[in-house]
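Chain identifiers are assigned alphabetically (A, B, ...) following the order of the sequence lines, protein sequences preceding nucleic acid strands; residue numbering begins at 1 within each chain. Since the model is a prediction, treat every value here as computed from it, not as a measurement. Just so you know, these numbers use all the heavy atoms, side chains as well, and skip hydrogens, waters and symmetry mates.
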2 protein chains.
Amino acid sequence: MQPPAPSPLRGVPSPLRATIADVAREAGVHASTVSRALNPATRGMVTEAVAQRVTEVADRLGWRPSAVAAGLRTRKSRTIGILVPDLINPIFPPILHAVETVLATQGYVTLVANTDNDAARESLLIERMATHLVDGLILASAAAGTDALSLCARFGIPAVLINRRMPEGAGCAAVSAVTNDDIHGIGLAVDHLVALGHRRIAHLAGPQGVSTARDRRTGFLDRMRHHGLEPAEITTAAAYTREAGRAAMAALLQGPAGTGPSGNEPGCTAVAVANDMLCLGVYDAMEAAGRRVAADISVTGFNDMPFVDRIHPALTTIRIQHDAMGRQAACILLAEMAEPGLARQSIRLVPELVVRASTAPPAKAP
Amino acid sequence: MQPPAPSPLRGVPSPLRATIADVAREAGVHASTVSRALNPATRGMVTEAVAQRVTEVADRLGWRPSAVAAGLRTRKSRTIGILVPDLINPIFPPILHAVETVLATQGYVTLVANTDNDAARESLLIERMATHLVDGLILASAAAGTDALSLCARFGIPAVLINRRMPEGAGCAAVSAVTNDDIHGIGLAVDHLVALGHRRIAHLAGPQGVSTARDRRTGFLDRMRHHGLEPAEITTAAAYTREAGRAAMAALLQGPAGTGPSGNEPGCTAVAVANDMLCLGVYDAMEAAGRRVAADISVTGFNDMPFVDRIHPALTTIRIQHDAMGRQAACILLAEMAEPGLARQSIRLVPELVVRASTAPPAKAP
DNA sequence: TTGTACGCGTTATCAG
DNA sequence: CTGATAACGCGTACAA
C-alpha cells in the first residue's frame, strides 16, 4: 500500500493541456502575440513570419485555446442552447440537425436539452445555460405560462422561436420566430376531406397552450366555415403524445352524448388530427374500438414525421419543412447575435398536403 | 461599519449580471465569504446568520455564480457531453432522456451532439467539448476507425460507452460500457423463427464497423449452428439507415446468384435483420418486389424502437432496455468522475423477444 | 469564523 | 508591430 498521502501533487503537472504561455515561451514571443496570431480576427496585426512560427509551435504542442478562459474574458462561449419540449417526438431531430449543421459552420457548439413540456424545468435550463454564457437560444418549447422570454431578456440572451410561436400578447413581437403556416396547413387537410365527400368532420386538437394547437384549431374552424360546414365535434388532447391521442379519440368515438342508435356512433366520418404523434394514439383507439381507419373513418395528421409513411394505413398528413425551419432559425439567430439591434422577423413556412392511405371517401350510411 | 467601498465603476457597467463582489458589498462581507456561504460544500464554514443574510442578498440581486469563472478556477464545468451517431434513429432519444434525467439530479447540464457517423466530425466535437471543459463524455457513437478514446485519454476526460462497445483490442478494457447482450438477443430471434418452422433463414447485417452489427452477426451464426442449420444468406447493409436496409434487402431478394426457377427466388423464408431502422427499408424493398412480410417472408428486427408496433405488419423484434441503459451509463460516469481510479465495468443488459405480426410459419413450397 | 492574496488562461488596452 | 499589464469572476490555501 501507499504511504499516507505522499502528496504526489507534483505541483499540478498539467500533462493535460498546454497553455498559451507555453506556446509563447517556446516561440520566443509574448503571450499576447500568440493570442493575436491565432485569432483569425486579429491575425492581421502580426508579422506573417511570427504568425507562421506561432502556429507551428502551437500545434506542435497540441495547444487548444481554453473556451472557458476566453469566455470569462469575452463574455461569450461560442455555444448555442436549444430547448426542445420532447425529443422523443421525431419531428425534432431533423430540425435540430439542420440547426446544428448551420451553427457548426460558424464554429458554434450546441447544447440540446429537453424541457419535458415543463415550465419549471425550462426555466431551470435557461438559467443554467445563462450561467454557462450561451450566446444564443433556440426555443422549440414555447408555450403559455412560460417565462422563457423574460428570462432571456433578463440575461440578455438573443433567442429565436422555432415551430411554435408565443401566445399572443406575451411579447411575441419582441422575438423572431420561424414557424409553419398552421392555419393554412390544416386548411389543406379540410379541403382534402371535403373533396373526398366528407361533411361530418371532427377535429382532434392539441394542448391549447401551444400555438400550433391553437392555430390548427382556428384554421380548422375557418376552413369548415368556408365550406359552409359545421364542425362535427372538437376534442382536445391533453398533450402531444400518443397516449393523449388515444384517450381523446376514444372519447370522440363514443360520439357527442351518444348520437348513434346504440349511443356510441361517432358523429363524424373523418377526423383532422392536430399532429402525427396524436395519430398513433388515434390508430390505437380505433383498433381497440374495432373501427377501420379510412374504411370507417378517415384520418389526417400534421407534420409528416418520419416513419408515418409506414404505419398502416399510411398516414395522409401535412408535410412541414423541417430542414428549412432549422436552417432559417439558425441564420436569424446568428444575424441577431452579430447585430442585436436588428429588426425581429417572423417567418412562416408553407406546408403541403401528402395524400396516403388513411383517407378515403366516406362509407355509405347503412 | 466599513467606509463605503469606492466603486470605481470604470469600464462598462454590467446591467446584466451581478457579480459575487456586488453581493459581498451589499451583505457587508468579503467575497470569499459569499462564495463559502453559497457553496453547499463549504457552507458549514460560515456562521448560520451570515449564510442566511448572504443567501438573502444573493437572490435579491438575482445573482447566479458564473459557471465559466468557476470552471476556469476549478477546471470543471458541470457539463457532460453526449455523442450520438444519428439522432434521427428513434432509439436514442429515450436513452438520452434517461441519461439526462440522472445527470440533472446532480446538477449537470448535457451537451448533445450528432456525429453523423463521421469519425472526423466526432473528433472535432470531442476537441470542442474538451475546450469547453466537459467533465465527462457518454459515447453512443463507438465504431472502428475512431480515435474518440485516445482523444478522451489525451484530454483526461472520463468516458462511458453506451449501446456500442469498442472494437476488440482498441483499448476496450480501458473504458466502461453499457451495452445489450446482442449475441443473446439475436439468438432469441433465431429461436423464434426456428420454432415457427423456418429452416432457410437469412441475416441482414449492419455495418461491420460497429459492435452491435458484429455481435448480432456472430450471434446469428452461433445460434443457427446450435440448431444445426446453415445460414441461407448474409447480406450487409452499408449503414443503419432505412435506405441501406432497402438496398440490402433488394439485393437479398434477388437470391444468391439466382437460385429460384426464374433466377430471382430468394433463398430464404425468413430474415433476421440487425436493427429496426433497417427493417423499414426491408419493408420498402419487399413492397417494391411484391412480396408480403410474414406471409411470404418473415422478418425480425432489433431494438423495439418507438412506433414499430404500428408499422404494417407490426414488427416482431428484440426489445432493449433503453431506460436502464441510459441510467446505468450516467451512474457509472458519475462514479468514475468522482473517483477516477475506479475499476472499469462492462454491463451487459439482457434484451427480450417481442412477438408481433411480421413473423409467421413459412409458406408451404408450391 | 472571516478576511487576504493569488491564480485559473485569455484577451483588451495601453505603451513603446 | 509587439510587449507589458490589468482585468474577467470565482475558489481556496493561508493568515488573522
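Both A:V50 and B:A69 lie close to DNA chain D; mapped to their nearest nucleotides by heavy-atom distance, the more 5′-ward contact belongs to A:V50. Checking A:T42 against B:V29, the closest nucleotide of DNA chain C that is more toward the 5' end is the one next to B:V29.
The CG-P distance, from A:L133 to C:dT10, rounds to 17 Å in whole Å. A:M45 places its CE atom 10 Å from the P atom of D:dT2, with the value rounded to the nearest Å. Atom pair B:L38:CG and D:dG11:P shows a separation of 9 Å (rounding to whole Å applied). Atom CG in A:L72 sits about 6 Å away from atom C1' in D:dG9, given to the nearest Å. Atom CD1 of B:I20 is separated from atom P of D:dC8 by 14 Å (rounded to the nearest Å). As rounded to whole Å, 12 Å separates atom P of C:dT1 from atom CD of B:E48. Across the protein-nucleic acid pair, B:H30 atom NE2 and C:dT2 atom P stand 13 Å apart, rounded to whole Å. C:dC8 atom P lies 21 Å from atom NE2 of B:H132, rounded to whole Å.
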* Asked: Would A:R327 and A:E100 count as a salt bridge (Lys or Arg N to Asp or Glu O under 4.0 Å) if you check the C-alpha gap in whole Å, the side-chain angles of each, and the deciding distance to 0.1 Å?
  -> CA-CA 9 Å; A:R327 285 203 321 270; A:E100 227 172 58; over 6 Å; no
* To do: Mind running side chain to side chain donor-acceptor pair (under 3.5 Å) on A:H97 and A:D323 for me, showing each step along the way?
  => CA-CA 8 Å; A:H97 193 261; A:D323 202 66; 5.6 Å; no
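Proximity of B:L38 to B:V34: side-chain heavy atoms (C-beta onward) are separated by under 4.5 Å at one or more points.
Note on B:T47: a side-chain N or O is less than 4.0 Å away from OP1 or OP2 of C:dT2. Here B:T33 reaches the OP1 or OP2 of C:dG3: one of its side-chain N or O atoms lies under 4.0 Å away. Residue B:R75 places at least one side-chain N or O under 4.0 Å from the OP1 or OP2 atom of C:dG9.
For the helix from C:dT1-D:dA16 to C:dG16-D:dC1, the end axes, each set by the C1' atoms of five terminal pairs, are bent relative to each other by 40° (nearest 10°).
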Sequence neighbours excluded and cut-off under 3.5 Å, please list the side-chain donor-acceptor pairs for residues 135-149 of chain B, or say none.
unit_1 : atom_1 : unit_2 : atom_2 : d
B:D135 : OD1    : B:S77  : N      : 2.9
B:D135 : OD2    : B:S77  : N      : 3.4
B:D135 : OD2    : B:R78  : N      : 2.6
B:D135 : OD2    : B:T79  : N      : 3.4
B:S141 : OG     : B:E122 : OE2    : 2.6
B:T146 : OG1    : B:A143 : O      : 3.0
B:D147 : OD1    : B:S123 : OG     : 3.0

Identify all side-chain donor-acceptor contacts of residues 333-342 of chain B below 3.5 Å with residues at least two apart in sequence or on another chain.
unit_1 : atom_1 : unit_2 : atom_2 : d
B:E336 : OE2    : B:S176 : OG     : 2.5

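Judged by distance alone with a 3.5 Å cut-off, a donor-acceptor contact links the side chain of A:S32 to the base of D:dA4. No hydrogens or angles were tested; on distance alone, a donor-acceptor pair under 3.5 Å links the side chain of B:R36 to the base of C:dG3. A donor-acceptor contact under 3.5 angstrom links the side-chain atoms of B:R73 to the base of C:dG7.
For B:H30 (side chain) and B:S32 (main-chain N/O), a donor-acceptor pair under 3.5 Å exists by modelled atom type.
Nearest to the side chain of A:S66, among C:dG3, C:dT10, D:dC10, sits C:dT10.
Considering all non-hydrogen atoms of both residues, B:I82 and B:M129 come closest at N-CE, 4.3 Å.
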